[in-house]
> 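Right, I'll just put the structure down here and ask away after.
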Amino acid sequence: VAGRRLAEAIAGENLTIRPPAQSRYNLASTIKGLLRVDAAAVVESNLMPGIAIFTMQDRLVVLPGKIVSGAKVSPVAVPEATIIELEERLRGKPIVRVLPFLPLKVGVLTTEQLTGRPRERFQTTVEHKIAWYGAEMMRLEFVENDPAAVANAMSAFLAEGADLILTAGGNTIDPIDPTFLALAEVGAEIVRFGAPTHPGSMFWLAYRGDVPIFNLASCSMFSKSTVADLVLPWIMTGEVVTNKELAELGYGGLLDRGMDYRFPPYDKSE
């Protein structure tokens, strides 16, 4: 009974509570989406005697059926007053929730004049990633490595209702790179230039109004294991990403081997 009430207290949107197993209740995602966990609330709750709430890490991409959290009381029983206090603390403030991905319209442009198999591979990779989120890829444009040409392509995407613009090619972290210079021409504001991660430190993010624009560094044009693939799921939920969120990537930002679980499982559908 206590475990069930704990699970109900911590569960937010797009989660189902599974029957008890080994004295705990598990929370499983009902959708493909982005897991959000209030880590501070988990710690605060677990400081209460007898309470045991355990979750996956915040901001992981999960598929339907994935168990993302569990709740139980660690002794055989706890005073009901403890459960009531926790329920009151968490009322209207669920600890765990899963945010759905939105069907965004995405424009993609590159100044790198790829040909042959590299061009085909890049287009296939980007199309697959965007479709995986349920979003629509408007088109992939290959443009001249010139600020005006890049700005014109961005403006065209914006005029056609793009919700997100991805760029690639060039020297992505060079302040005089044509793609970077084009941001000012379309009225975009820089959120962060460079990211505290590896690989992917050559990442930048800007917004033109409420439309995010960010670059795919060369290493992320064909890979899923860079900062771009950590930030993309956030944006696909409609989240406005700030410099603070990007700065926080530095903790755990050494993206070593064996960290596949932190990245979207693009090879799986449901």
Side-chain angles (χ1 to χ4, degrees), residues 33-47 53-62 66 68-69 93 95-99 101 104 106 125-126 129-130 132-133 164-177 179-181 183-184 188-208 210-266:
L34 182 68
L35 174 66
R36 296 309 317 269
V37 178
D38 185 339
V42 172
V43 174
E44 182 181 0
S45 299
N46 284 336
L47 287 172
I53 296 168
F54 32 94
T55 74
M56 296 182 68
Q57 290 175 289
D58 184 33
R59 292 189 184 281
L60 293 183
V61 172
V62 297
K66 179 66 176 179
V68 299
S69 178
K93 297 181 292 184
I95 287 179
V96 188
R97 55 201 175 107
V98 179
L99 304 181
F101 297 126
L104 304 184
V106 184
T125 299
V126 175
K129 288 183 179 181
I130 291 172
W132 190 86
Y133 292 99
L164 166 65
I165 298 176
L166 302 177
T167 76
N171 187 345
T172 54
I173 204 166
D174 185 345
I176 60 172
D177 180 75
T179 301
F180 195 73
L181 293 176
L183 296 174
E189 296 184 2
I190 300 296
V191 174
R192 187 177 180 97
F193 187 51
T197 65
H198 178 79
S201 59
M202 297 175 71
F203 173 89
W204 53 255
L205 170 68
Y207 276 86
R208 200 276 202 169
D210 58 357
V211 178
I213 305 172
F214 71 82
N215 71 315
L216 301 171
S218 297
C219 57
S220 64
M221 291 173 67
F222 309 104
S223 168
K224 70 173 183 178
S225 302
T226 74
V227 63
D229 294 286
L230 295 180
V231 176
L232 185 57
W234 309 356
I235 288 175
M236 286 296 185
T237 66
E239 177 180 350
V240 177
V241 180
T242 69
N243 185 34
K244 182 176 184 294
E245 279 88 38
L246 295 177
E248 289 173 345
L249 284 169
Y251 180 70
L254 183 59
L255 305 176
D256 207 349
R257 293 184 179 181
M259 290 189 176
D260 288 351
Y261 72 95
R262 293 187 59 187
F263 296 92
Y266 294 122

> Assess the pair Phe203 and Phe193: is the distance between their ring centroids shorter than 6.0 Å?
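No, ring centres 6.0 Å or more apart.
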> Looking at every non-hydrogen atom in both residues, tell me the closest pair between Ala228 and Asn215 and how far apart they are.
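That closest heavy-atom pairing would be CB-O, 4.5 Å.
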> What residues form a side chain to side chain donor-acceptor pair (under 3.5 Å) with Tyr261, not counting sequence neighbours?
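For Tyr261 the side chain to side chain donor-acceptor pair (under 3.5 Å) partners, ignoring immediate neighbours, are Gln57.
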> Please find the pair of heavy atoms, one from Ala188 and one from Ile213, that lie closest to each other, and give the distance.
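Closest approach of Ala188 to Ile213: CB-CD1, 4.3 Å.
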> Can you list everything that forms a ring pair (Phe, Tyr, Trp, His ring centres under 6.0 Å) with Phe101? Sequence neighbours excluded, please.
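Scan of Phe101 (ring pair (Phe, Tyr, Trp, His ring centres under 6.0 Å), adjacent residues dropped) gives Tyr133.
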> Just how far is it from atom CZ of Phe263 to atom OG1 of Thr226, taken to the nearest 0.5 Å?
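Nearest 0.5 Å value for the CZ-OG1 distance: 7.0 Å.
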> Where do Leu35 and Met56 come nearest, in terms of heavy atoms and distance?
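Reported closest heavy-atom pair: CD2-CB, 3.7 Å.
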> Taking side chain to side chain donor-acceptor pair (under 3.5 Å) as the definition, give me every residue that meets it alongside Glu189, ordered by chain and number, with sequence neighbours left out.
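Glu189 satisfies side chain to side chain donor-acceptor pair (under 3.5 Å) with no residue once adjacent residues are dropped.
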> First locate atom CD of Glu248, then atom OG1 of Thr242, and finally report the distance between them rounded to the nearest 0.5 Å.
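Going from CD on Glu248 over to OG1 on Thr242, the span is 7.5 Å.
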> Identify each donor-acceptor pair in which a side-chain atom of residues 233-241 lies under 3.5 Å from a protein atom, sequence neighbours left out, and give them as a table.
residue, atom, partner, partner atom, Å
Trp234, NE1, Leu230, O, 2.9
Thr237, OG1, Trp234, O, 2.6
Glu239, OE1, Arg59, NH1, 2.9
Glu239, OE2, Arg59, NH1, 3.3
Glu239, OE2, Arg59, NH2, 3.0

> What distance separates Trp204 CH2 from Leu183 CG, expressed to the nearest 0.5 Å?
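Separation between the atoms: 4.5 Å.
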> Quick one: do Leu164 and Leu232 satisfy side-chain contact (heavy atoms from CB on, under 4.5 Å)? Show the steps, please.
CA-CA 10 Å; Leu164 166 65; Leu232 185 57; 3.8 Å; yes
> Test of understanding: with side chain to side chain donor-acceptor pair (under 3.5 Å), list the residues that count as partners of Arg192, not counting sequence neighbours.
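Result, side chain to side chain donor-acceptor pair (under 3.5 Å) vs Arg192: Asn243.
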> Between Lys93 and Asp38, is the closest basic N to carboxylate O distance under 4.0 Å?
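Judged by the 4.0 Å cut-off on N to carboxylate O distance, Asp38 and Lys93 do not form a salt bridge.
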> Identify the two heavy atoms, one from Pro265 and one from Trp132, that lie closest to each other, and give their separation to 0.1 Å.
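Heavy atoms only, the tightest pair is O-NE1, 3.3 Å.
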> Take atom CD1 of Ile176 as the centre, draw a 6.0 Å sphere, and report whether it contains more than 12 heavy atoms from other residues, nucleotides or ligands.
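Atom CD1 in Ile176 is not packed in, count stays at 12 or less.
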> How long is the straight-line distance from CG of Leu255 back to NE2 of His198, given to the nearest 0.5 Å?
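Interatomic distance, His198 NE2 to Leu255 CG, rounded to 0.5 Å: 8.5 Å.
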> Who pairs with Glu44 by side chain to side chain donor-acceptor pair (under 3.5 Å), at least two apart in sequence or on another chain?
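Applying side chain to side chain donor-acceptor pair (under 3.5 Å) to Glu44 gives none.
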> Got Leu249 and Leu246 here, is their nearest side-chain heavy-atom distance under 4.5 Å?
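Of all side-chain heavy-atom pairs linking Leu246 with Leu249, at least one is under 4.5 Å.
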> Measuring only between side-chain heavy atoms, which start at C-beta, is Thr167 closer than 4.5 Å to Phe180?
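Not in contact.
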> Examine distances only and state if a side-chain atom of Ser69 and a backbone atom of Phe54 form a donor-acceptor pair shorter than 3.5 Å.
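Answer holds: yes.
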> For Asp58 and Arg36, work out which heavy atoms get closest and say how close.
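Scanning both residues completely, I find the closest heavy atoms to be OD1-NE, 2.8 Å.
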> Please lay out, stage by stage, how Asp229 and Arg262 fare under the test salt bridge (Lys or Arg N to Asp or Glu O under 4.0 Å).
CA-CA 9 Å; Asp229 294 286; Arg262 293 187 59 187; over 6 Å; no
> Report the C-alpha distance between Val98 and Leu34 in whole Å, list the side-chain angles of each, state the deciding distance to 0.1 Å, and finish with yes or no for side-chain contact (heavy atoms from CB on, under 4.5 Å).
CA-CA 5 Å; Val98 179; Leu34 182 68; 5.9 Å; no
> Can you tell me how far CZ of Phe214 sits from CG of Leu166, rounded to the nearest 0.5 angstrom?
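If we round to the nearest 0.5 Å, Leu166:CG and Phe214:CZ are 5.0 Å apart.
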